[in-house]
Amino acid sequence: MKADPAGVLTGTHFLDGDQACCEGALAAGCRFAAGYPITPSTEIVERFAQRAPQVGGMFIQMEDELAASIAIQGAVWAGAKAFTVTSGPGFSLMMEHIGFAAMTETPCVVVDVQRGGPSTGLPTLPGQGDIMQARWGSHGDYEIIALVPSSPQECFELTLDAFNLAERYRVPALVLMDECVGHMTEKVVIPPAQEIEIVPRRYTARPPADYQPFEPGPDGVPEMVRAGDGYRIHVTGMTHDQRGYPEVSAEAQQRLVERLVAKIRGHAERIARVEETWTQDADIIVVAYGITARVALRGVEMARERGVAAGLLRPVVVWPFPEKRVRELAARARAFVVVEMNYGQVALEVERVVAGRAPTVLVPHAGGTVHPPEEILAAILAQAPAREVAR
Amino acid sequence: MLAAQASMSAIEIQIGGFGGQGVILAGLTLGRGLALYEDYHVSLTQSFGPEARGSACSVQLIVSDAPILYPYLSRPDVLVTLSQEAFRRFAPQVREGGRLLVEETLVRPEGVRPDLRLWAVPATRLAEELGRKIVLNMVVVGFFAAVTGLLRPESARRAVSESVPLGTEALNLAAFEKGYACGVSRLAAAGAETAFRPLPLTGRS
Amino acid sequence: MTARTDAVAANPVEAFLRSDRMPHIWCPGCGIGTTVNCFARALLQAKLNLDRVVVVSGIGCTGRVAGYLELDSFHTTHGRAIPFATGLKLANPELTVVVYSGDGDLVGIGGNHFIHAARRNVDLKVICVNNFTYGMTGGQVAPTTPLGALSTTTPYGCFEQPFNLPQLAESSGAVYVARWTSYHVRQLTHAFGEALRKKGFSFIEILSPCPTLYERRNRLGDGLEMMKYFKEQSLVRHGAPTKELGLTFQGPIAVGKFVDRERPTFLETLNQQLARTLEAQYAGCAGEHVRD
């Protein structure tokens, strides 16, 4: 299905990442947003509050992030596409409802514009410390999908993709921006509506008598209905059977959790997305994402100028992690250099997947600004064979 | 798609002043003109946090012929200051051989390094001639377009129209023209060129 | 209760219950089931299109109500039934949205949402079964536990001032506020009917026995003893100032309808404001285009 032209601001614009994210949501057909003000994400909902009434949507500013992250799910079950946006401290509060969305298979989007943490941290400066929180932050076992934009253009594109992935797999999809891409203004091209592919909600065609709300389809994903459609469904955050009724037993838990995990892990290679620069002949694979990928590419480029065969692997979708590609590269890479604005999160994944076939070196940064490219260069050179380094 | 910047040419622009002068809007207008109508790669960042405390306010643009990887300013090639405070803080950072644009009634350019070229514009007075001091930022945009030659006046005019609040386009364009004319005449007085020319190479690392 | 003695005749409210989920989890003598019976009767009398009535619950004993009603029903997270219901109602204003939960859920962990939904006058019917304690977790002190009452976490007696819920609801902006007990089945059924017809944030507090935890710990006898207390100590005081409605341990209970006023709802004010300021550019909000 193609996008509704009403929400698509087709054209070439000069937008910051927050504004572009809002346009991605509107283009995706999102017409309901709930939020609570928090720097540096607020501009997304400020724009949504301004734009939505003109395209048939609405924004509500809730009393806190707990409320915002569950209000969107109420709206989803009424039939809306919905999202909320936040930053670190609010993201922590939303964890409960990321779990609820995973458990009830409520397709929704949560945008986290990462800032330096922990706690209040650096409200106006970037960080990338929420990557593992996005993956594991709610209790219990579940899977989510998370995308990491590197530019305002990608804030548009990946927010749109997040809505499509949320609908395709009926999971919460997360967009992990950072303050730098959120507040950076660049050219953003928004295509015509007829060129934007939209994944519609997977509503059932079955009559109520033949329908069970949590009966998985062949791909593990159940079909959905809306409240008010006459199906008289029950939806609960408790472990439940296919009818949606609570069932407190080890067997029900096994069946349900196994399916919730498998519907993503079973499609992980289809969902995973990476972008590679100069990796074909690379000895040293630099792994970086978000704004850090841009700075890391500068480091890679400087290494190439010095004759070192470095390449960049950028996870565009960070969860599920691109295991297959990292494993392939591990078969021949001399080293992995992971550059991230935290003290080692994706580095742990790389290390796990590389499994000792090559050293994995972390280039950490506590946040507040991006890495100096020279620091990345130094980390690459330290892994290069001595003969390659022409200093 | 990130692309490596094999042989990138770039210049860095910084505009500093105090809140309420329209510094950010001036930056957005120039950025829009350069990114959309001159087809450069442009990354604009604003100063947030402690350095934006008080009334200080600044906007940074990196303008390049290749995708921009490092998002922040290293040293500006062109610095525009609309306050003495911004001049004091940022002028020492300007790259060797760079250009310094100042609002001549608000900034007393003391101790300018000899390698810098100084251009002064009476933006406040020109804006007041239009009856609205608030448009001094668009006077500065016009002056910038003329003296730097980085963007064609028609590109800048489109950017002005699309950046300012609806209904204020005519006033802001008039301000732009005043600044542009001032820039042209000051260039002529200095015997410099006004023609649009492609991005000059500087030593951006 | 007007229980039928004719064993053959079906219970008239059976059509409203998920009979495949019986028996329910509630203890003998618990009042929650009685309130559900009254609610079902009110639905029967209200002649609403039941496909458009949605029940949202939080967590706790009363939180299980959603699961037993044969309606679209959502058993959400602890304290968050109101914001979930808010999203549901705003995205489809044609739904009648009922929030049915307990005192700990609605005004303990969910207190912030309660006051803000009332302030906004979101069109929700909020039913709070107040048994003075956290039942599901084993009888801890609640924001409604009367001074002096025992609970597992106030083993020497409660020393925290409890909420006066009708006053909290009124001062936050509710347009309909009533209190009854599970003894007052006819009045309660009538109140449910009024709330279902009322537009805006309606609030009904229902005092209800918790024989297993609250009464046993406080040596108040069984469920029947508590019903006797409700019967003997309740005084109907329609329209009473809500500041006078605080409850004390086994003290007198003011019941009745205290507030019934008109105030534009959240959606009405939102639509009015946007239509006035945006004029022709206003594409119409919630309920028209929000859903796909």
Side-chain angles (χ1 to χ4, degrees), chain A residues 11-17 39-40 43 115-116 122-126 150-154 157 178-189 275-278 288-302 304-305 310-312 314 316 368-374 376-377, chain B residues 1-8 10 13 15 24-53 58-64 66-74 151 155-156 158-163 165-166 204-205:
Chain A
T12 304
H13 309 277
F14 196 54
L15 299 178
D16 72 21
T39 305
E43 291 91 334
R115 63 195 225 186
L122 299 171
T124 58
L125 297 172
S150 285
S151 64
Q153 178 69 38
E154 276 197 345
E157 291 168 4
D178 57 68
E179 186 277 339
C180 189
V181 292
H183 278 161
M184 153 198 280
T185 305
E186 292 188 337
K187 181 159 89 173
V188 174
V189 180
E275 188 187 273
E276 299 183 39
T277 311
W278 298 325
Y289 50 89
I291 190 62
T292 308
R294 291 169 64 154
V295 186
L297 184 56
R298 180 72 194 116
V300 166
E301 196 176 70
M302 289 156 78
R304 286 267 166 182
E305 285 161 11
L312 177 74
R314 175 169 78 99
V316 176
T369 186
V370 296
H371 291 71
E374 295 73 18
I376 300 165
L377 172 68
Chain B
M1 176 81 189
L2 299 182
Q5 48 192 128
S7 59
M8 167 174 161
I13 301 163
I15 308 175
I24 305 297
L25 189 61
L28 285 167
T29 304
L30 288 172
R32 182 171 276 117
L34 289 158
L36 307 190
Y37 307 122
E38 298 296 351
D39 215 23
Y40 286 125
H41 294 272
V42 177
S43 284
L44 178 150
T45 53
Q46 302 173 34
S47 292
F48 289 88
E51 64 184 85
R53 284 278 163 79
S58 81
V59 58
Q60 291 78 233
L61 295 107
I62 297 165
V63 184
S64 170
I68 293 154
L69 300 181
Y70 188 80
Y72 297 128
L73 194 77
S74 49
L151 71 173
S155 302
R158 276 181 81 175
V160 170
S161 301
E162 290 169 11
S163 302
L166 280 176
R204 181 175 151 77
S205 60

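Quantities reported herein were computed from a predicted structural model and do not represent experimental measurements. Below, chain A is the first sequence line, B the second, and so on; all start at residue 1.
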Considering all heavy atoms of both residues, which atom of A:R294 and which atom of B:I68 are nearest to each other, and what is their separation? NH2-O, 2.6 Å
What distance do [X] atom [atom1] and [Y] atom [atom2] have between them, rounded to the nearest 0.5 Å?
{"X": "B:L36", "Y": "A:T12", "atom1": "CG", "atom2": "OG1", "answer": "6.5 Å"}
{"X": "B:L44", "Y": "A:H183", "atom1": "CG", "atom2": "NE2", "answer": "12.0 Å"}
{"X": "B:T45", "Y": "A:E186", "atom1": "OG1", "atom2": "CD", "answer": "10.0 Å"}
{"X": "B:Y72", "Y": "A:M184", "atom1": "OH", "atom2": "CE", "answer": "7.0 Å"}

Residues of residues 26-35 of chain B near chain A, each having a heavy atom less than 4.5 Å away: B:L28, B:G31, B:R32, B:A35
State, with a plain yes or no, whether a side-chain heavy atom of B:S163 is found less than 4.5 Å away from one of A:F14. no
With side chains defined as the heavy atoms from C-beta onward, is the minimum distance between B:P71 and A:V295 less than 4.5 Å?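 The answer is yes; the side chains approach within 4.5 Å.
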